[in-house]
Enquirer: 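I'd like to ask you about the structure that follows.
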Amino acid sequence: MPKRTDIKKILIIGAGPIVIGQACEFDYSGTQACKALKEEGFEVILLNSNPATIMTDPDFADRTYVEPVNPEILTKIIEQERPDALLPTLGGQTALNTAVAVAEDGTLEKYGVELIGANLQAIQKAEDRTLFKAAMDRIGLSVPRSGLAHNYQEAMEIIEDIGFPAIIRPSFTLGGTGGGIAYNLDEYKEMTIAGIDASPTDEILIEESVIGWKEYELEVMRDTADNVVIICSIENLDAMGVHTGDSITIAPAQTLTDKEYQILRNASLAIIREIGVDTGGSNVQFGINPRDGRLVVIEMNPRVSRSSALASKATGFPIAKIAAKLAVGYRLDEIHNDITRETLASFEPTIDYVVTKIPRYTFEKFPQADARLTTQMKSVGEVMAIGRTFKESFQKALRSLEIGSHGLESRLFDCPDDYQRSLSTSELNELRQNLSVPNADRIWHLADAMRAGFSIDEIYQLSGIDPWFLNNIKQILEMETLLATQKNHVTNGDENCRELLLEAKKYGFSDRRLASLWEITEEDVRQLRHKFNIRPVFKRVDTCGAEFVAHTPYLYSTYEEECEAEPTDKRKIMILGGGPNRIG
Amino acid sequence: MKAILALADGRYFTGRSLGALGEISGEVVFNTSMAGYQEILTDPSYRGEIVTMTYPQIGNTGINLEDVESRQPFLSAFVVKESCPFPSNWRSQMSLDAYLKAQGIVGIEGIDTRALVRHIRDHGAQTGIVSSVDLDPDSLIEKARKAPSIVGQDLVQEVSCQQQYAWDQGVWNLAEGYTDASNIKRPLKVVAFDFGIKQNILRNLTTAGCEVTVVPATTSAETVMEMAPDGVFLSNGPGDPEPITYAQETIKQLLGKVPLFGICLGHQLLSIALGGKTFKLKFGHRGGNQPVLDKATGRVEITSQNHGFAVDMQSLNDEIEVSHINLNDQTVEGIRHKAYPAFSVQYHPEASPGPHDAHYLFARFIDMIKEFKKNQG
């Protein structure tokens, strides 16, 4: 089915101010949508209160209202503009909630405005815990045991069935605001009351804990002809219990066999159809029991989400742009893949690299904040890195954080000789605590635990982090040890060290980290690298694992044989970005 | 231990040995699936191929006893960027390297697989050689040049079973593993030709209600008809369909007498039996993300594919309808005979590995059998 001609004017809602749990990813998705719809000749009206966004630039919409994103203002704009359709799925939870409000109070019906992308019923089915659970039951999928409470008394009845630890999720809030994990009755009381207070519908979901289970996300897209594709699978390094926005996440999924992955794929297809998201992107989160593979559906976002932005950048498939086109009637097989040009958007991206996302925190600015990571999102930004292996992309992501880290520096030991010393009881307890209670620095503590001789199994038991990730991190540390022992050979420029240095670069070690391991300067390492002719190459992100020629210049560095950068002879200007979102 | 992969056109890659030590030639191809390497290793259609995985980290979930598609790996060699020595999955039994060693499969890791894949994409699939014995690139390139091409070879007889057997295992599920169908009522009798059959096809037929007997590739039409089957299945298999003349003849004789369903090589053989021709693709379709349009419904299905040859659309006569096409390159993905009960697809509805979007084709086969029986009275 080609583009719809019965709608001409479309209203898009932005995400409003950047808050924790909802950062610039929705500016990205909204901007993409505005651009795509304008290209298609639609008149685009935008509501967004945040002036520090690209989407509110005069070029992106035909008319932009820089006004508070709330139902009252939205109603006034609808009265004034009389749009044919409202697209609510690209501005995060704020946009979705605002659209729901004007749909429920009859405003949309009154002015004949159609909700496109996701209809009201689908949004309600995905967002309302009871409806969602019933929907999952209908398609034979499990969700964690749970109950809804509107007051403390109801909450007390539910906890008897579920037991501790219990997860508290307020309905209709963004980034899990007001939620948490209660391990005892005191915490439970505090959190249930706060949660009911935070929810616009005075409702909380109390859920069986699947803490320690593996967590996965799939990005799904559907068109009007019911074609459904998976854009990307994401595996969380942090086990269930940490908000996915606060988890270190990896694309694609690393520790699933095809049989297990297809279970998730089939479930995602069934979910988007059952929930009834007509067109566009959705995000489905799963928990998997690492002992037997048992699967539970955690939640489904019937809109473009934070993970969609990551998945778009991780695969080269522009989810928001395509979602906007699907919303106005196009089918996936009517849209071209911009990267390959010759193929269509109705395929599933395959990638030949590993993507790591690490969240960035600003706890130092809020000394009173509880720095434990829970189901309520606390990070303020994130970085993504691409490498040919997990080790490389992980180490590249660490140094992109701009928090003064250039690799897995020790927080506990002064130098490699120090690893042998026996730790005091209090040091050991603190280390164990730092592994078992998720926190912003856990990955560095984890490295120290390995240096201190903790076994992979012990760290797994404490942290719930899959041994696959732990073993990869261990390989990085073993490489550090090897590098340290070769210090004299390296600093003497011994030719035999070339292979070692190349291997270290393939592991993602920064020159700066190597410099500190060898106690020389970063410039010394760089010169040594150049002496040995070890230089990075640039590979293309092409959505297809090199099966087709890529035309979009979207590249990442790595240490391999072939470079695909193909720079021109033209004079160039380089622009530096701002790095991860942070406060200030 | 060092190893080298050399191509007939002179390009070579130096890496580390993976799996068994040795030297072997084959056609160098690539597969873009991110998961499912165990199924790929044991798919008999890879006979004669040196398979490169485009996803760089292979072996993460190890090797288990369940995810096999045939009695052993039949491919020539396996090429990966990094193999995982510490698999992590509740079903894992051993590492990829240990498995390849035990099966005597030569492999190489630590090379720039993306550079290799781009080379094959631009210059076409070609003969290559992997060696951990001879480490002289010039000598290996020379050997690769002299190694036989897979075009015109009958690889089917190297992988087909020698004797017929009955199959009674159903499809896999998480709770039970493979289901035992030996005591389940299966009203339809299906004879499946083994040109290099993947076991998941047999499992799907079984779960769909077929009592399946697998027969060798050279079985005659007469022998098949004596078994009084309700339907006949033509399996996937390795290499070039043209030299498999015995099967083409058999299919001609079966046509119209019994409902036929073909997958992959089975689809190519049916097409040739119907007067069509096949040609070699530049580098083939191998992966789990190929979009196919079902022309009857207008729906797009994401399919699992593994083939180096394809049916020439222009060669098909008026009796044949092209039912499915590939949306990437518009090649034939499925055909249907307008008069006889016979259809086939180029891709793999049994998946394993890959998406399950095309499972409906097994039901379509069953419907065709029932329809045929009804018409026969």
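Residue numbering restarts at 1 for every chain, and letters A, B, ... go by the order of the sequence lines. Both backbone and side-chain heavy atoms feed into the values below; hydrogens, waters and symmetry mates do not.
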Enquirer: Taking side chain as everything from C-beta outward and backbone as N, CA, C, O, which of these in R388(A) sits under 4.5 Å from a heavy atom of chain B? Side chain, backbone, both or neither.
Expert: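 Both the backbone and the side chain of R388(A) come within 4.5 Å of chain B.
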Enquirer: Measure distances from P467(A) to the heavy atoms of chain B and classify the residue's part below 4.5 Å as side chain, backbone, both or neither.
Expert: both
Enquirer: Could you tell me which portion of S352(B) (side chain, backbone, both or neither) has an atom closer than 4.5 angstrom to a non-hydrogen atom of chain A?
Expert: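 Both backbone and side chain.
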Enquirer: Is K391(A) close enough and on-axis enough to Y507(A), meaning under 6.0 Å and within 45°, for cation-pi?
Expert: yes
Enquirer: Within the 3.5 Å criterion, strictly below it, is a donor on N204(B) or E350(B) matched to an acceptor on the partner's side chain?
Expert: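 Checked: N204(B)/E350(B) side chains show no N/O donor-acceptor pair below 3.5 Å.
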Enquirer: Judged by atom type as modelled, is there a donor-acceptor pair below 3.5 Å linking the side chain of N227(A) to the main-chain atoms of R299(B)?
Expert: no
Enquirer: If I measure from the heavy atoms of chain A, does P85(B) come under 4.5 Å with its side chain, its backbone, both, or neither?
Expert: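 For P85(B), the side chain is the part near chain A, not the backbone.
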Enquirer: Under a 4.5 Å heavy-atom cut-off, does chain B meet the side chain of I263(A), its backbone, both or neither?
Expert: side chain
Enquirer: Which bit of T113(B) comes within less than 4.5 Å of chain A, counting heavy atoms only: side chain, backbone, both or neither?
Expert: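 Answer is both: backbone and side chain atoms of T113(B) are under 4.5 Å from chain A.
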Enquirer: Measuring heavy-atom distances to chain B, does N472(A) have an atom under 4.5 Å in its side chain, in its backbone, in both, or in neither?
Expert: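 Both the backbone and the side chain of N472(A) come within 4.5 Å of chain B.
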Enquirer: Which atoms of R114(B) are under 4.5 Å from chain A, going by heavy atoms: the side chain, the backbone, both sets, or neither?
Expert: both
Enquirer: Is chain B contacted by the side chain of L269(A), its backbone, both, or neither, given a heavy-atom distance below 4.5 Å?
Expert: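 Contact with chain B is through the side chain of L269(A) alone.
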Enquirer: L470(A) versus chain B, heavy atoms under 4.5 Å apart: side chain, backbone, both or neither?
Expert: neither
Enquirer: So for N64(B), is it side chain, backbone, both, or neither that comes closer than 4.5 Å to the heavy atoms of chain A?
Expert: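 Contact with chain A is through the side chain of N64(B) alone.
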Enquirer: For E82(B), is there an ion pair with K506(A) - N to carboxylate O distance below 4.0 angstrom?
Expert: no
Enquirer: Please find the pair of heavy atoms, one from L140(B) and one from A6(B), that lie closest to each other, and give the distance.
Expert: CB-CB, 3.7 Å
Enquirer: Would you mind checking if K539(A) and D352(A) are paired as a salt bridge, meaning a charged N to carboxylate O distance below 4.0 Å?
Expert: no
Enquirer: Please look at N471(A) and chain B and tell me whether the side chain, the backbone, both or neither of the residue comes under 4.5 angstrom of a heavy atom of that chain.
Expert: both
Enquirer: Between the side chains of S45(B) and K198(B), does any donor sit under 3.5 Å from an acceptor?
Expert: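 Side-chain D/A pair, S45(B) to K198(B): absent.
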Enquirer: Which answer fits V549(A), side chain, backbone, both or neither, if we ask what part of it has an atom under 4.5 Å from a heavy atom of chain B?
Expert: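 Both backbone and side chain.
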Enquirer: Where does R91(B) contact chain A at under 4.5 Å (heavy atoms): side chain, backbone, both or neither?
Expert: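 Just its side chain gets close to chain A.
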Enquirer: Please determine if R118(B) and D112(B) form a salt bridge, counting it only when a charged side-chain N lies under 4.0 Å from a carboxylate O.
Expert: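 Salt bridge: no.
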Enquirer: Decide, yes or no, whether a salt bridge links E69(B) with R203(B) under the criterion of side-chain N to carboxylate O below 4.0 Å.
Expert: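 Salt bridge: yes.
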Enquirer: Is any NZ, NE, NH1 or NH2 atom of the basic residue among D9(B) and R11(B) found under 4.0 Å from an Asp or Glu carboxylate oxygen of the other?
Expert: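 The answer is no: the pair does not qualify as a salt bridge.
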Enquirer: Tell me, side chain or backbone of I120(B) under 4.5 Å from chain A's heavy atoms, or both, or neither?
Expert: neither
Enquirer: What residues of residues 37-44 of chain B make heavy-atom contacts with chain A at a cutoff under 4.5 angstrom?
Expert: E39(B)
